[in-house]
There are 2 protein chains.
Amino acid sequence: MSHRVEIRYCTQCRWLLRAAWMAQELLTTFDSELSELALQPGTGGIFEVSADGVLVWSRKERGRFPEITELKQLVRDVIAPERDLGHIDRKPSPQS
Amino acid sequence: MSHRVEIRYCTQCRWLLRAAWMAQELLTTFDSELSELALQPGTGGIFEVSADGVLVWSRKERGRFPEITELKQLVRDVIAPERDLGHIDRKPSPQS
């Protein structure tokens with residue numbers, strides 16, 4: 001219940017909508033694990049997601065946005081590694 | 001650019017959607033003032049908005065949800081008191 005996720009997005013790129021959508025997906029899945037999810041306006045094409053200070057996604061490094069299922073797995077691996085995400089964990093993840 | 005807003009909402013009441021909507025409205029209006037907007041899952045009918053640690057809305061105290069325009073004014077009064085919100089400031093605010 002004391003975990004924190006951050007999503008930093010580029011306002012110039014108008015990525016608020018997708019950041020807010022991912023925020024809601026994560027808050028719905030991890031509502032008992034997260035104490036807060038912070039949306040952080042940024043610039044310069046940034047799209048990064050961190051869980052408890054660990055960078056789990058950088059669009060600059062990966063060259064793309066995450067699938068929502070792989071993002072949940074990456075966040076889960078940091079904040080609740082023992083947790084089974086159900087059908088998400090049955091499907092192979094996209095290449096990461 | 002270093003201001004922080006928190007929205008704490010009751011997950012049992014399913015208020016994530018309206019919390020996330022208000023988050024996006026505030027992030028759009030204050031994209032150059034906010035360093036982050038934190039969505040915080042809560043319980044027990046809570047719906048509270050704080051700006052820089054100052055509680056600007058409590059549903060328990062006010063007995064209702066804020067209009068989005070009055071919420072922007074209340075947040076503005078804390079994080080950017082000199083800022084004119086345009087047409088929002090021309091209309092009379094609902095009773096607060």
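Within every chain, numbering begins at 1; the chains are lettered A, B, ... in the order of the sequence lines, protein sequences first and strands thereafter. Values below: every heavy atom of this structure, side chains too, minus hydrogens, waters and symmetry copies.
A:L26 and A:W21 end up in the same hydrophobic cluster when Ile, Leu, Val, Met, Phe, Trp and Tyr side chains are linked at under 4.5 Å. Note on B:F47: it clusters hydrophobically with B:L74, by side-chain heavy-atom contacts below 4.5 Å among ILVMFWY residues. Under a hydrophobic clustering in which Ile, Leu, Val, Met, Phe, Trp and Tyr are joined whenever their side-chain heavy atoms come within less than 4.5 Å, directly or via other members, A:I68 and A:V56 fall into the same cluster. Placement of A:V54 and A:W57 within a single hydrophobic cluster is found when ILVMFWY residues are connected by side-chain heavy-atom separations under 4.5 Å, directly or transitively. By the rule that hydrophobic residues join a cluster once side-chain heavy atoms approach within less than 4.5 Å of another member, B:V75 and B:V78 end up as members of one cluster.
The side-chain heavy atoms of A:Q40 and B:R4, taken from C-beta on, include no pair separated by under 4.5 Å. The shortest distance between side-chain heavy atoms of A:Q24 and B:L17 falls below 4.5 Å.
For the residue pair A:S35 and B:P41, the shortest heavy atom distance occurs at O-CD, 3.6 Å.
Remark: B:L27 CG to A:Y9 OH distance equals 4.0 Å, nearest 0.5 Å. A distance of 9.5 Å separates CG in B:L37 from CG in A:L16, rounded to the nearest 0.5 Å. A distance of 6.0 Å separates CG of A:L39 from CG of B:L39, quoted to the nearest 0.5 Å.
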